[in-house]
Protein chains: 2
Amino acid sequence: MHATKQISVDRHDLAILAELQRDGHITNSALGEKVHLSTSQVGRRVQRLQDAGVIDHFAAVLDPMAIGLGVMAFVQVVLGRHGDVQGEQFERAVADMPEVLECFAVTGEADYMVRIVAQDLAAFSTFMMNHLLRVPGVTNVKSNIAIKKIKQLNVLPLDHVTQPNPSKQKIYFTPA
Amino acid sequence: MHATKQISVDRHDLAILAELQRDGHITNSALGEKVHLSTSQVGRRVQRLQDAGVIDHFAAVLDPMAIGLGVMAFVQVVLGRHGDVQGEQFERAVADMPEVLECFAVTGEADYMVRIVAQDLAAFSTFMMNHLLRVPGVTNVKSNIAIKKIKQLNVLPLDHVTQPNPSKQKIYFTPA
DNA sequence: TGTGAAAAAAACACGTG
DNA sequence: CACGTGTTTTTTTCACA
């Protein structure tokens, strides 16, 4: 799926990545005009970025509202301390729940941060009662339900790579 | 940007959406084979879904690690209670911070849930000190730093739309 | 690395049920 | 009026200079 090899990313690549995050269906020639590169250059670079795993994949971004998902919530989960078995059990459980978009083991008071989507508050409540809270080991949960979206970017920042030194600077990463 | 009109979504559309969430660069004919539809059908449906705003846009999904973003954190922010001015001020501030991928006003103990990415812990710490904590009104923050990714889907679930009744069922949404 | 040819895919218009 | 078919245009891919 994602081939990870060492790669050098210059400012042209960054410009390409920035644009491709906003519009994954832009043609190579149109992209070339934006970043002042030839069509073939763009084509080769995009291919390289994909092969290197910098671009994981392309995807359609859906509007949750439009498919009837009106509720999004962040749920902090605390597990009882009874060994690692519960951790694995919990992780396997959430992996199978389509309502769970994301799950991270985190530092802080909670063990896991889980992002959940549901049709409405009733559906969310039902899901919590019948599924998440029933996973063995789940001791305590705190739900933060989104009531207003201030900002939502699927777009990763690329500024930190950009250098004050403008010209032929290249930055090297060694992913894994 | 997104034209929102009423639309009927049947099970074929759902199959298309599911696939397009996984691979936004699949061709209409390849998609047609998967969902047992003709190429022209797929083309028309995808166009319709875009026009209706169900598909917001297409995008390249990058690997955070590959571009040097090793830290992701969920930060709960509590604002001091001094009127709505602070809320607006905070919301405008985070909107301009590229490290902030997401920000939601939420229910619960915190006022906002903010998702942040950074190069490493040092960069995250610096960002918190020099930027987020300096936004006027920010009284208290709780950071949960991701230490292990259990699951991360940009893919919204579509099951809730699917009906036990299989055949020509159509589901109607009225977005906004 | 750019250029041009070949292949593929998307967009479009048409005829048919 | 929705659907498939065929045509045209665009875009990608590939070989070569």
Side-chain angles (χ1 to χ4, degrees), chain A residues 1-3 5-62 166-172, chain B residues 1-3 5-62 161 163 165-173:
Chain A
M1 193 107 253
H2 65 137
K5 70 168 193 185
Q6 194 170 16
I7 192 183
S8 69
V9 177
D10 64 13
R11 66 193 170 90
H12 294 302
D13 291 316
L14 292 177
I16 289 172
L17 289 173
E19 188 56 36
L20 245 32
Q21 284 192 107
R22 296 204 304 105
D23 180 8
H25 266 185
I26 190 173
T27 65
N28 288 340
S29 58
L31 222 177
E33 286 203 12
K34 288 216 175 199
V35 302
H36 308 294
L37 245 49
S38 69
T39 305
S40 55
Q41 272 278 38
V42 172
R44 286 186 232 261
R45 282 170 183 267
V46 171
Q47 190 60 53
R48 247 185 72 244
L49 291 166
Q50 271 188 277
D51 293 342
V54 177
I55 298 175
D56 188 77
H57 67 286
F58 289 89
V61 179
L62 308 190
S167 54
K168 58 180 163 55
Q169 184 101 21
K170 296 207 176 194
I171 303 94
Y172 290 81
Chain B
M1 193 113 254
H2 64 138
K5 70 167 193 185
Q6 196 170 16
I7 191 183
S8 69
V9 177
D10 64 13
R11 66 194 171 90
H12 294 300
D13 291 316
L14 292 177
I16 289 172
L17 290 172
E19 188 56 35
L20 246 31
Q21 284 193 107
R22 297 204 302 108
D23 179 8
H25 267 186
I26 190 174
T27 64
N28 287 340
S29 59
L31 222 177
E33 286 204 11
K34 289 216 175 201
V35 302
H36 310 293
L37 245 50
S38 72
T39 305
S40 56
Q41 272 279 37
V42 172
R44 285 187 235 260
R45 281 169 185 267
V46 171
Q47 189 60 53
R48 248 185 72 240
L49 291 166
Q50 270 188 277
D51 293 343
V54 177
I55 297 176
D56 187 77
H57 67 286
F58 289 89
V61 179
L62 308 189
V161 187
Q163 303 295 330
N165 189 334
S167 53
K168 56 179 167 52
Q169 184 99 22
K170 296 207 175 193
I171 302 91
Y172 289 81
F173 300 110

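Residue numbers start from 1 in every chain, and the chains themselves are labelled A, B, ... in the order their sequence lines are given, proteins ahead of strands.
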Counterpart residues, side-chain contact (heavy atoms from CB on, under 4.5 Å), relative to A:Gln21 (two or more places apart):
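By the side-chain contact (heavy atoms from CB on, under 4.5 Å) rule, A:Gln21 matches A:Val155, A:Leu156, A:Leu158, B:Leu62.
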Just how far is it from atom [atom1] of [X] to atom [atom2] of [Y], taken to the nearest 0.5 Å?
{"X": "A:Arg45", "Y": "A:Leu17", "atom1": "CZ", "atom2": "CG", "answer": "10.5 Å"}
{"X": "B:Ile26", "Y": "B:Leu20", "atom1": "CD1", "atom2": "CG", "answer": "7.5 Å"}
{"X": "B:Arg48", "Y": "B:Ile16", "atom1": "CZ", "atom2": "CD1", "answer": "9.0 Å"}

Residues forming a side chain to side chain donor-acceptor pair (under 3.5 Å) with B:Gln47, sequence neighbours excluded:
B:Asp51
For DNA chain D, find the residues of residues 30-38 of chain B with a heavy-atom distance under 4.0 Å and give them by number; none if there aren't any.
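Per residue number, the list reads B:Ser38.
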Walk me through whether B:His25 and A:His25 qualify under side chain to side chain contact (heavy atoms under 4.5 Å, CB included).
CA-CA 8 Å; B:His25 267 186; A:His25 266 185; 3.7 Å; yes
Which heavy atom in [X] sits nearest to a heavy atom in [Y], and how many Å separate them?
{"X": "B:Gly32", "Y": "B:Val42", "answer": "CA-CG2, 3.6 Å"}
{"X": "B:Ala15", "Y": "B:Val35", "answer": "CB-CG1, 3.5 Å"}
{"X": "A:Ile55", "Y": "B:Ala60", "answer": "CG2-CB, 4.2 Å"}

Atom pairs under 3.5 Å: protein N/O with N/O of nucleotides 8-12 of chain C:
residue	atom	partner	partner atom	Å
C:dA10	OP2	B:Asn28	N	3.1

Which residue pairs satisfy the salt bridge (Lys or Arg N to Asp or Glu O under 4.0 Å) criterion with at least one member in residues 15-35 of chain B, sequence neighbours excluded?
B:Glu19-B:Arg22, B:Glu19-B:Lys34
Taking heavy atoms of chain B and a 4.0 Å limit, find me the 5'-most and 3'-most nucleotide of DNA chain D within that range.
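First-to-last contact on DNA chain D, by the 4.0 Å heavy-atom rule, is D:dC3 to D:dT5.
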